[in-house]
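Both backbone and side-chain heavy atoms feed into the values below; hydrogens, waters and symmetry mates do not. No experiment lies behind these values; they were computed from the predicted model shown. Sequence lines set the chain letters: A, B, ... in the order given, protein chains first and strands last, and positions in each chain run from 1.
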Amino acid sequence: MKIFDTLAREKITLGLPHDRMIKMYVCGPTVQDNFHIGHARTYVFFDSLAKYLRINGYRVFYLQNITDIDDKIIDRAKAENVDFQVISRRYTAEFYALMKALKIDSVNLYALATDHIMEIISQVKRLVEAGFAYETGDGVYFSVSRFPDYGKLWGQDPQTLLAGTSANLREDKRDPRDFVIWKKMKPGEPYWDSPWGKGRPGWHIEDTAITEAYFGPAYNIHGGGMDLIFPHHDAEIAISRSLSGLDRLSDYWIHTGMVNVNLEKMSKSLKNFVTIREVLASYGSEEIRYALLNANFSTAINYSESLLQESRAVVNQLSILYNKMRIKAGHYVRKPGTNETIERLNGIVGDNMDFRGLFRDVMNLLGTWNASLESMSEAELLEALSVLDWLDSFTGIIRHESASTDISGPVGLLLRIRSELRSRREFQLADTIRSSLLSMGIYIEDRGAETLWWIDTAGVDKK
RNA sequence: GGAUAGGUGGCAGAGCGGUCAUGCGUGGGACUGCAGAUCCCAUUUAAUAGGGUUCAACUCCCUACCUAUCCUCCA
């Protein structure tokens, strides 16, 4: 498969190892506040990428960090007059809950920064000993001039940066570009003991210590939002490669585009963010996932209500047909396997994770299947179902209703009564029953004398 | 100012040097007791502006303009 690599600046073939584990690392969030759908975009994408690689025979170890010690967490704790861990634990729990709600379940391990303080101190220590870092009055800094490739991922000459920032050279920083890897404690701040006194880690080194602990000096895929390229990922490269002496940290660098609102990046500071919670109140995970995946992963998405509305229309079409086919197939049990259609669609996704192209082709298939649903053979039906199951296994965009033809329950009773009414042409009462059931979240479709139905998990509370 | 990615129909957004993108929305029709679902047709003489190359450009080249992200908070 091919994918756009930030460092190479072009689509390159992923020469991933078939025989061993793919080590994939994605930068997680800072647990300081509520999460917005910009976060969701990145994590949904990498969830689908991991799942796609797995169904194509790769063994993926997906590692993600969580930054649970940070200036902003401390600020928030001060504002609420609580311990910083009250804040970090609250939002870590919220983050896990949101990931579950969005059906993001491919991460093998979430690594908390505060669980890896020893590893962080070890890295700082080794960097200082090797002359890559130095201590100042307020912390320990990485010396950018010792790493010639600094800024390479960002794609800009580091000298440009030097010129632009000469104004904010701090008294004891040797170079304005140098970044902090250990911060000395100020009164009232949380701390850990270290060879440089009480303090806490800088941001960049949290990730490098975690990846080194689990993956060693190099790994295969590093992902994150586009806004992390510089300085964060360039700093990670500088730290890790200075320690390892290798000429690379990750084989591939994959960055997801931003989610914009009114053509501006969604962010805390602009106060234009829409939280995942808010969106989940009105839309299902399938609809959110479709909206976020239905774009080139590296371009910006402009968030709007109509984006979700369009997403809803597509998810409904897919889910309704899927459920009709499942009912028609009887005791259908999902089986892994492949066929020509899956192979073809798999090829589309394999070219730069083109979910958009995938969805386009699936929508075409949907038209064909809908038109021929009544005349489909058993084999054709099972093949169509396997395609949709395959699609759903890594995109998560189909609502699996509790499809039922069981007419023994109370719903069944009402439907039997309604059926009798309809045969007597007493439509007024029959329609009253139908609209009641619809408002209770039961999907109903009259097909001649028969009635197709299932419990619609989209729910009645959603818009 | 620098780096990167773009500027396509009501909206979202592909591909391609010459032939229908697709989806949503909208309008019409078919089916139905009516809904819904589904199908069919239409919305198609769309390409930021100005040059250039070419038999032919939305597609290649140049220039201008515009937008987004980053340039030590950020997914």
Side-chain angles (χ1 to χ4, degrees), chain A residues 4 6 9 26-30 32-33 35-46 64 67 70-72 75 144 151 154-165 168 173 176-180 202-204 223-232 234-235 255-260 263-270 273 290-291 294-296 298-302 304 306-307 309-314 316-317 320-321 323-324 354 356-357 359-364 366-374 422 425-428 430-431 434-435 438 443-448 451-452:
Chain A
F4 187 88
T6 308
R9 271 160 242 294
V26 174
C27 280
T30 300
Q32 51 156 16
D33 200 349
F35 305 94
H36 56 69
I37 49 170
H39 296 107
R41 200 244 174 125
T42 296
Y43 304 127
V44 164
F45 174 77
F46 285 104
Q64 188 173 122
T67 300
D70 172 86
D71 289 1
K72 290 196 171 174
D75 291 346
V144 167
W154 180 34
Q156 184 144 288
D157 184 352
Q159 291 305 317
T160 315
L161 178 59
L162 188 60
T165 54
N168 66 9
K173 243 166 100 172
R177 300 169 299 174
D178 290 351
F179 53 85
V180 68
W203 179 33
H204 313 309
M226 207 74 103
D227 53 352
L228 298 185
I229 295 172
F230 192 89
H232 190 48
D234 258 313
H255 291 100
T256 47
M258 297 293 98
V259 175
N260 295 344
L263 302 178
E264 261 188 325
K265 177 181 166 183
M266 188 178 287
S267 72
K268 301 271 163 65
S269 47
L270 288 169
F273 61 93
Y290 179 88
N294 188 30
N296 182 320
S298 54
T299 60
I301 293 175
N302 199 36
S304 66
S306 62
L307 178 76
Q309 282 296 330
E310 181 178 334
S311 195
R312 163 156 297 174
V314 172
N316 278 342
Q317 285 180 50
I320 288 168
L321 178 64
N323 285 302
K324 282 184 190 174
D354 184 9
R356 198 164 233 304
F359 297 155
R360 177 197 61 211
D361 269 38
V362 168
M363 292 314 282
N364 283 337
L366 220 60
T368 313
W369 289 333
N370 266 318
S372 62
L373 188 61
E374 294 308 309
R422 286 180 68 222
R425 307 192 66 78
E426 293 180 30
F427 295 119
Q428 198 177 354
D431 289 352
R434 182 173 61 194
S435 60
L438 284 172
Y443 177 89
I444 292 177
E445 186 176 321
D446 289 327
R447 306 179 62 79
T451 297
L452 205 58

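Between B:C34, B:A75, B:A37, one nucleotide has an atom nearer to the side chain of A:Asp431 than all others, and that is B:C34. Here B:G2 is the nucleotide among B:G2, B:U22, B:C39 with the atom lying nearest to any side-chain atom of A:Trp154. Considering only the side chain of A:Lys324, B:A37 comes nearest among B:A37, B:C24, B:C74. The side chain of A:Arg425 sits closest to B:G33 out of B:G33, B:A75, B:A14. Side chain of A:Met258, nearest nucleotide from B:C71, B:A75, B:C74: B:A75. Residue A:Phe230 has its side chain nearest to B:C70 when only B:C70, B:A75, B:U22 are considered. For A:Thr30, taking side-chain heavy atoms from C-beta onward, the closest of the listed nucleotides B:A75, B:A21, B:C34 is B:A75. Closest to the side chain of A:Arg360, from the set B:U22, B:C39, B:G23, is B:U22. Listed nucleotides B:C24, B:A75, B:C71 differ in distance to A:Met266; the shortest reach to its side chain belongs to B:A75.
A:Phe35 and A:His39 have perpendicular rings, their planes meeting at more than 60° on a 0 to 90° scale where under 30° would count as parallel. Taking the six-membered ring for Trp and thresholds of 30 and 60 degrees, A:Phe179 and A:His204 have ring planes more than 60 degrees apart, a perpendicular arrangement. Aromatic ring pairs are classed by plane angle as parallel below 30°, tilted from 30° to 60° and perpendicular above 60°; the pair A:Trp154 and A:Phe230 is parallel.
Taking only side-chain nitrogens and oxygens, A:Gln317 comes nearer than 4.0 Å to OP1 or OP2 of B:C24. Residue A:Lys265 places at least one side-chain N or O closer than 4.0 Å to OP1 or OP2 of B:C70. Regarding contacts with the backbone of B:A68, every side-chain N or O of A:Asn260 stays at 4.0 angstrom or more from both OP1 and OP2.
Among the heavy atoms of the strands, none lies under 4.0 Å from A:Asp354. When heavy atoms are screened at a 4.0 angstrom cut-off, A:Leu228 is found touching the sugar-phosphate backbone but no base atom. Within 4.0 Å of A:Val259, counting heavy atoms only, lies at least one base atom of the nucleic acid.
B:G10 and B:C16 have their C1' atoms separated by 25 Å, with the value rounded to a whole Å. The separation of B:U44 from B:G6, taken at their C1' atoms, amounts to 25 Å, rounded to a whole angstrom. B:G23 and B:C40 are spaced 9 Å apart, taking the P atom of each and rounding to whole Å. Of the C1' atoms belonging to B:G50 and B:U38, the separation is 49 Å, rounded to the nearest Å. A distance of about 37 Å separates the C1' atoms of B:G27 and B:C65, rounded to the whole Å. Going from the P atom of B:A56 to that of B:U63 covers 23 Å, rounded to whole Å.
The two residues A:Ala300 and A:Asn260 make their nearest non-hydrogen contact at CB-ND2, 3.6 Å. Considering every non-hydrogen atom in both A:Met226 and A:Met258, the closest pair reads N-CE, 3.4 Å.
The NE2 atom of A:His255 sits 6.5 Å away from the CG atom of A:Leu228 when rounded to the nearest 0.5 Å.
In this entry the distance linking NE2 of A:His36 with P of B:A75 reads 7 Å, nearest Å.
A donor and an acceptor atom sit less than 3.5 Å apart, one in the side chain of A:Arg434 and one in the base of B:A35. A donor-acceptor contact under 3.5 Å links the side chain of A:Arg422 to the base of B:G33. Interface remark: the A:Asn296 side chain does not form any donor-acceptor pair with the B:G13 base, using a distance-only criterion of under 3.5 Å. Side chain A:Asp70 to base B:C73: no donor-acceptor pair is found below 3.5 Å.
A heavy-atom distance below 4.5 Å is found between the side chains of A:Leu321 and A:Leu373. Put simply, the side chain of A:Thr451 reaches to within 4.5 Å of the side chain of A:Arg422, judged on heavy atoms.
In RNA chain B, stems built from 3 or more consecutive Watson-Crick or G-U wobble pairs, each with both distances under 3.5 Å, span B:1-7 with B:65-71, B:10-12 with B:22-24, B:25-30 with B:38-43, B:48-52 with B:60-64.
Residues A:Asp75 and A:Lys72 are not paired through a salt bridge, judged by the lack of any N-O separation under 4.0 Å between the basic side chain and the carboxylate.
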